[in-house]
**Student:** 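I have a structure here, written as C-alpha cells, and I will follow up with some questions on it.
Counting starts at 1 for both ligands and their atoms, following the listed order. Note that the structure is a prediction, hence the values are computed from the model and not measured.
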Amino acid sequence: MGEVCFICNKHKGSIPTTGEPIFEDDYVYVGHIDNNSKPNYLGHIMIDLKRHIPTLAEMIPEEAKSLGVMMARLSKALKDVEKAEHVYALVSGNSVPHLHMHIVPRYPSTPEQYWGPILAFAVYESPNARMDPNLEVIELCKRIKLYFEDNPYE
Ligand SMILES: [Zn+2]
C-alpha cells in the first residue's frame, strides 16, 4: 500500500513538491500544498500523519498529540506571520486514504461568499486570494520555520 501512496512517497522524498518541508517529527510531516505546477494558494499547508492510516480514528495518542499541537502552532504562525484573520482545518480523505489535515488561512478582506472550507476551498476563488508560484511558497515556508524556531511551544 505504502509504495503506491502519494503521501508515503512524498515523505520518502521521491516526489518533488512545492516549497520545502516545514516541520517533521516521529509522527507528523508538515509542508505546503502542491497544486500540480499551477499557482498555489499561499499558506495552504498539509499536516500529514507519518504512518499510513486512513482517518483520525486510527491514531494512537502520541500521533493525536503531535497533530493537535501542530494544528495550534501552525494556526498561530499563519496569523502572526502571514496575517491570516482565520484558519480553517479539514480532513477530507476522499482522494488519498492516508490521513492528512488541510490547514487553510483566510486573509483579511475576503468577501463572505468565499469563506470556506466547504466547497473545495472557496477562498481560492476570492479576488484577494494570494495565488503565487513556487518562489513565494518557499519564502512562506521559510518564514514559518523561522517562526517555529523563535517561538518554542510550551
Ligand atoms: Zn501512505
Side-chain angles (χ1 to χ4, degrees), residues 1-79 81-82 84 86-107 115-125 129-149 151-154:
M1 187 72 188
E3 283 159 37
V4 295
C5 171
F6 164 76
I7 291 176
C8 286
N9 282 338
K10 182 176 73 174
H11 296 172
K12 283 185 219 141
S14 47
I15 291 178
T17 55
T18 305
E20 53 181 66
I22 291 171
F23 177 87
E24 192 172 356
D25 67 8
D26 288 345
Y27 306 111
V28 297
Y29 174 101
V30 179
H32 202 278
I33 197 162
D34 183 273
N35 205 13
N36 290 321
S37 340
K38 294 192 291 265
N40 290 279
Y41 182 84
L42 275 175
H44 183 163
I45 291 169
M46 313 291 307
I47 308 174
D48 305 332
L49 214 68
K50 284 278 196 70
R51 200 159 58 92
H52 185 96
I53 56 171
T55 75
L56 294 167
E58 290 78 30
M59 284 193 294
I60 59 171
E62 289 81 1
E63 291 168 332
K65 187 172 172 187
S66 196
L67 179 73
V69 165
M70 187 44 58
M71 287 171 69
R73 290 188 80 188
L74 260 185
S75 299
K76 182 126 173 60
L78 286 167
K79 285 186 157 186
V81 182
E82 303 302 321
H86 184 66
V87 179
Y88 298 109
L90 174 76
V91 172
S92 165
N94 287 343
S95 50
V96 186
H98 180 140
L99 178 57
H100 54 287
M101 178 165 283
H102 297 262
I103 300 291
V104 183
R106 187 184 76 220
Y107 296 107
W115 289 16
I118 310 166
L119 297 177
F121 310 113
V123 286
Y124 273 35
E125 307 300 325
R130 302 168 69 200
M131 302 296 293
D132 273 283
N134 195 25
L135 268 181
E136 183 58 27
V137 171
I138 293 170
E139 292 307 310
L140 182 143
C141 293
K142 287 186 169 144
R143 287 195 294 273
I144 291 179
K145 283 163 81 170
L146 191 63
Y147 181 86
F148 282 175
E149 284 170 27
N151 296 273
Y153 195 78
E154 46 205 357

**Student:** Using a strict threshold of under 4.0 Å (side-chain N to carboxylate O), is an ion pair present between K10 and D48?
**Tutor:**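 A salt bridge links D48 with K10.
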
**Student:** Using a cut-off of strictly less than 2.8 Å, determine whether H11 has an N/O/S atom near the Zn ion (ligand 1).
**Tutor:**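 So H11 does not count as coordinating the Zn ion (ligand 1).
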
**Student:** For the Zn ion (ligand 1), find the closest N/O/S atom belonging to H52 and write down its atom name.
**Tutor:**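 Checking each N, O and S atom of H52, the shortest distance to the Zn ion (ligand 1) belongs to ND1.
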
**Student:** Is the number of heavy atoms from other residues, nucleotides or ligands within 6.0 Å of NZ (K50) greater than 12?
**Tutor:**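 Yes, NZ of K50 has more than 12 neighbouring heavy atoms, counting only those of other groups under 6.0 Å.
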
**Student:** Tell me whether E82 is salt-bridged to R130, with the criterion being a basic N under 4.0 Å from an acidic carboxylate O.
**Tutor:**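 Looking at R130 together with E82, the answer is yes, because their closest N to O distance falls below 4.0 Å.
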
**Student:** Taking the N/O/S atoms of H98 one by one, which is nearest to the Zn ion (ligand 1)?
**Tutor:**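 The nearest such atom is ND1.
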
**Student:** Determine whether a donor-acceptor pair (N or O, by modelled atom type, separation under 3.5 Å) exists between the side chain of H98 and the backbone of L49.
**Tutor:**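 Flag set: sc H98 to bb L49 pair under 3.5 Å.
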
